[in-house]
Amino acid sequence: DAFDRELRLGLTGALTAIRAVAPAMSVGGGGTILMTGGGLALAPPYGGAVPALTAVKSGLRGFVHAAAPEFAAIGIRLATVTIAGQVAPGGPFDPDRIAEAFWNAHAAPAAQVETVFSGA
């Protein structure tokens, strides 16, 4: 039950949010939808302690890569910022630094579907 709940929250929740904003964005001239990815999608073997989170982030990454061209056709850039570390104030994964990574991802060339934030 917990695994299913995590999948619904992380994947179905993301799709629901995209469906809620995409029509108005398309009619309004487009824009950018950024999803928050996780480093476990890049290295699933390290997610043994959190298999549901690993599955969610892997699935979300796959969805964004697969669906980005379809969204581009209606003027929407779909992309992900993959945070490859644990978020914590004052360190390499400080929320302010991550916010900057999101801004940079938004400003990146439209063909760039993924930005990996490694804390560097």
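- Looking only at distances, no side-chain donor or acceptor of Lys57 sits under 3.5 Å from a matching main-chain atom of Leu42.
- With Thr115 contributing its side chain and Ala105 its backbone, the two residues share no donor-acceptor pair below 3.5 Å.
- Across Phe93 and Gly119, no two heavy atoms sit closer than the pair CE2-N, 3.5 Å.
- Side-chain contact check for Thr82 and Glu114: at least one donor-acceptor pair (N or O, by modelled atom type) lies under 3.5 Å.
- Side chains of Ile98 and Asp94 form no contact here, defined as non-hydrogen atoms less than 4.5 Å apart.
- What you find for Gly30 and Ile76 is that their closest heavy atoms are CA-CG1, 4.4 Å.
- Closest approach of Leu78 and Val113 over heavy atoms only: O-CG1, 4.0 Å.
- No donor-acceptor pair closer than 3.5 Å links the side chain of Arg8 to the backbone N or O of Gly13.
- By the 6.0 Å contact criterion, CD on Gln112 is enclosed, its count of non-hydrogen atoms from other residues, nucleotides or ligands being greater than 12.
- Side-chain atoms of Thr16 come within 3.5 Å of backbone N or O of Thr12 as a donor-acceptor pair.
- Annotation: Phe102 is not in aromatic contact with Phe117 [ring centroid separation under 6.0 Å not met].
- For His106 against Thr32, the heavy-atom pair with the smallest separation is ND1-OG1, 3.0 Å.
- Leu53 and Tyr46 fall within a single hydrophobic cluster, where Ile, Leu, Val, Met, Phe, Trp and Tyr side chains are chained together by heavy-atom contacts under 4.5 Å.
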Verdict with reasoning, Val81 to Thr36, per side chain to side chain contact (heavy atoms under 4.5 Å, CB included): CA-CA 5 Å; Val81 176; Thr36 303; over 6 Å; no
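- The shortest distance between side-chain heavy atoms of Val56 and Leu7 falls below 4.5 Å.
- Ile74 and Ile18 fall within the same hydrophobic cluster, where Ile, Leu, Val, Met, Phe, Trp and Tyr residues are linked whenever their side-chain heavy atoms come under 4.5 Å apart, directly or through other members.
- Within the 4.5 Å cutoff, no side-chain heavy atoms of Glu6 are placed close to those of Leu11.
- To the nearest 0.5 Å, the span separating CG on Leu15 from CE on Met35 amounts to 9.5 Å.
- Minimum interatomic distance between Phe71 and Ala22 (heavy atoms only, all atoms of both residues): CE2-CB, 4.0 Å.
- Counting only distance, with no hydrogens or angles, the side chain of Arg97 and the backbone of Ala120 share a donor-acceptor pair below 3.5 Å.
- Of all the heavy atoms in Val116 and Ala84, the pair that sits closest is CG1-CB, 4.2 Å.
- Between the side chain of Arg77 and the main chain of Ile33, no donor-acceptor pair closer than 3.5 Å is present.
- Side-chain contact between Thr54 and Ser58: present, with at least one pair of heavy atoms (C-beta onward) separated by less than 4.5 Å.
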